[in-house]
Amino acid sequence: MVSTTTLDFVLDAPWCRALTSEQAARVRLDLRERHVNKGGSICHVGAQVQYWKGVVAGLVKMSVVSPGGRMSTFTGLAPGAWFGEGPVLRSDTWDFDGVAMRDTHIAMLPRTTFQWLLDGSLPFNRYIVTQLSERLAQCFSVIEAERLEVAETRVARCLAWLFNPVLYPGVGSRIELSQQEIGYLAGVSRQRVNRALRIMEEAGLLDVSYGAVVVRDLAGLQHFRA
DNA sequence: TCATTAAATTGTT
DNA sequence: AACAATTTAATGA
């Protein structure tokens with residue numbers, strides 16, 4: 001049995017609302033949850049994918065480590081994010097590391113249930129396709145920012161990703177995130193984050209406050225160039 | 001409720 | 001990376 005917060009979170013998720021009552025009932029039955037303390041591991045490269053996971057609360061950093069030991073952070077996963085469908089469909093093992101950037105609450109749906117939904121629900125398939133498409137678009141956006149090698153642009157894209165309403169429907173316009181944390185996510189120093197945020201605030205794209213950012217113009221953030 | 005202190009975050013060099 | 005300034009949270013009168 002899972003907590004009511006997790007249950008509410010899942011039943012309210014866009015993919016779940018599209019299911020039949022019978023399917024939703026099985027989801028409810030198979031659902032598990034887990035609390036991960038700050039710094040704890042949510043998934044790691046090479047491990048078997050047992051569950052399709054959703055971020056109920058907290059923040060997860062998605063990263064990979066190269067053979068040389070260099071670490072590259074892809075993105076943050078904000079509340080409302082569901083992830084793991086890629087590994088489930090492709091390789092059965094995780095292809096990235098997930099680390100909790102703060103105390104995090106994870107909802108987990110067994111792989112077999114996930115596949116059962118894929119086989120039995122057209123709306124669920126549509127949701128997954130939308131999810132994958134959105135992620136692909138975001139990947140292009142981030143790759144472009146990397147090539148430009150402008151820290152401000154990377155920060156902007158990184159934030160735009162975090163506030164993506166398709167991927168993270170629960171996220172409003174405000175996310176509690178220190179400049180240090182943004183630095184980890186975007187792969188730039190805290191100083192650069194600080195400067196980038198000021199520039200973007202000046203441009204009217206967002207407001208910065210103590211330990212949080214409020215997005216004013218998401219589209220503007222996505223297309224921001226330094 | 002207010003004042004004091006510690007901790008976290010931000011701004012600057 | 002180090003330091004100072006600022007904001008928040010916690011504590012106790």
Side-chain angles (χ1 to χ4, degrees), chain A residues 3-6 8-9 33-43 54-81 83 96-106 138 141-142 145-165 167-168 170-226:
Chain A
S3 65
T4 51
T5 30
T6 300
D8 288 345
F9 171 81
E33 70 180 328
R34 210 178 127 214
H35 287 276
V36 181
N37 292 330
K38 180 178 179 177
S41 170
I42 278 106
C43 59
V55 180
V56 179
L59 188 66
V60 177
K61 180 178 67 179
M62 187 197 266
S63 62
V64 292
V65 180
S66 74
R70 288 161 53 89
M71 196 184 77
S72 169
T73 298
F74 282 153
T75 184
L77 296 168
F83 59 98
F96 61 87
D97 290 310
V99 176
M101 290 191 67
R102 61 175 72 137
D103 290 358
T104 296
H105 192 168
I106 298 289
Q138 298 273 17
S141 172
V142 168
E146 291 258 339
R147 295 219 167 151
L148 292 173
E149 288 183 45
V150 179
E152 285 77 10
T153 308
R154 292 175 60 161
V155 172
R157 298 289 165 91
C158 196
L159 286 175
W161 183 312
L162 279 179
F163 285 98
N164 184 314
L167 258 31
Y168 319 127
V171 176
S173 61
R174 184 176 193 274
I175 288 188
E176 291 200 7
L177 204 60
S178 72
Q179 297 181 2
Q180 177 71 79
E181 289 177 310
I182 295 171
Y184 286 140
L185 291 179
V188 303
S189 68
R190 187 172 66 76
Q191 290 94 320
R192 303 288 281 177
V193 172
N194 186 281
R195 209 158 66 79
L197 287 180
R198 293 165 158 288
I199 293 173
M200 289 184 264
E201 185 175 38
E202 188 69 28
L205 297 177
L206 49 77
D207 287 342
V208 299
S209 58
Y210 188 83
V213 293
V214 178
V215 170
R216 293 235 165 283
D217 181 359
L218 184 57
L221 255 193
Q222 282 163 344
H223 302 119
F224 176 83
R225 284 170 200 283

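Only this structure's heavy atoms are used, side chains among them; waters, hydrogens and symmetry mates stay out. On a predicted model such as this, the values are computed, not experimentally measured, just so you know.
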Strictly under 3.5 Å: I want the nitrogen or oxygen pairs between protein and nucleotides 4-10 of chain B, one per line.
| unit_1 | atom_1 | unit_2 | atom_2 | d |
| --- | --- | --- | --- | --- |
| B:dA8 | N3 | A:Tyr210 | OH | 2.7 |
| B:dT9 | O4' | A:Tyr210 | OH | 2.8 |
| B:dT10 | OP1 | A:Gly211 | N | 3.0 |
| B:dT10 | OP2 | A:Gln179 | N | 2.8 |

Can you name the side chain to side chain donor-acceptor pair (under 3.5 Å) partners of A:Gln179, sequence neighbours left out?
A:Asn194
Distance-only donor-acceptor hits, side chain of residues 217-226 of chain A, under 3.5 Å, sequence neighbours excluded:
| unit_1 | atom_1 | unit_2 | atom_2 | d |
| --- | --- | --- | --- | --- |
| A:Asp217 | OD1 | A:Ala219 | N | 3.4 |
| A:Asp217 | OD1 | A:Gly220 | N | 2.9 |
| A:His223 | ND1 | A:Ala219 | O | 2.9 |
| A:Arg225 | NH2 | A:Glu144 | OE2 | 3.0 |

For A:Arg190, check side chain to side chain donor-acceptor pair (under 3.5 Å) against everything at least two apart and list the hits.
none
For A:Ser141, side chain to side chain donor-acceptor pair (under 3.5 Å) partners two or more places apart:
A:Arg157
Suppose we screen for ring pair (Phe, Tyr, Trp, His ring centres under 6.0 Å). Which residues come up paired with A:Phe163, at least two apart in sequence or across chains?
none
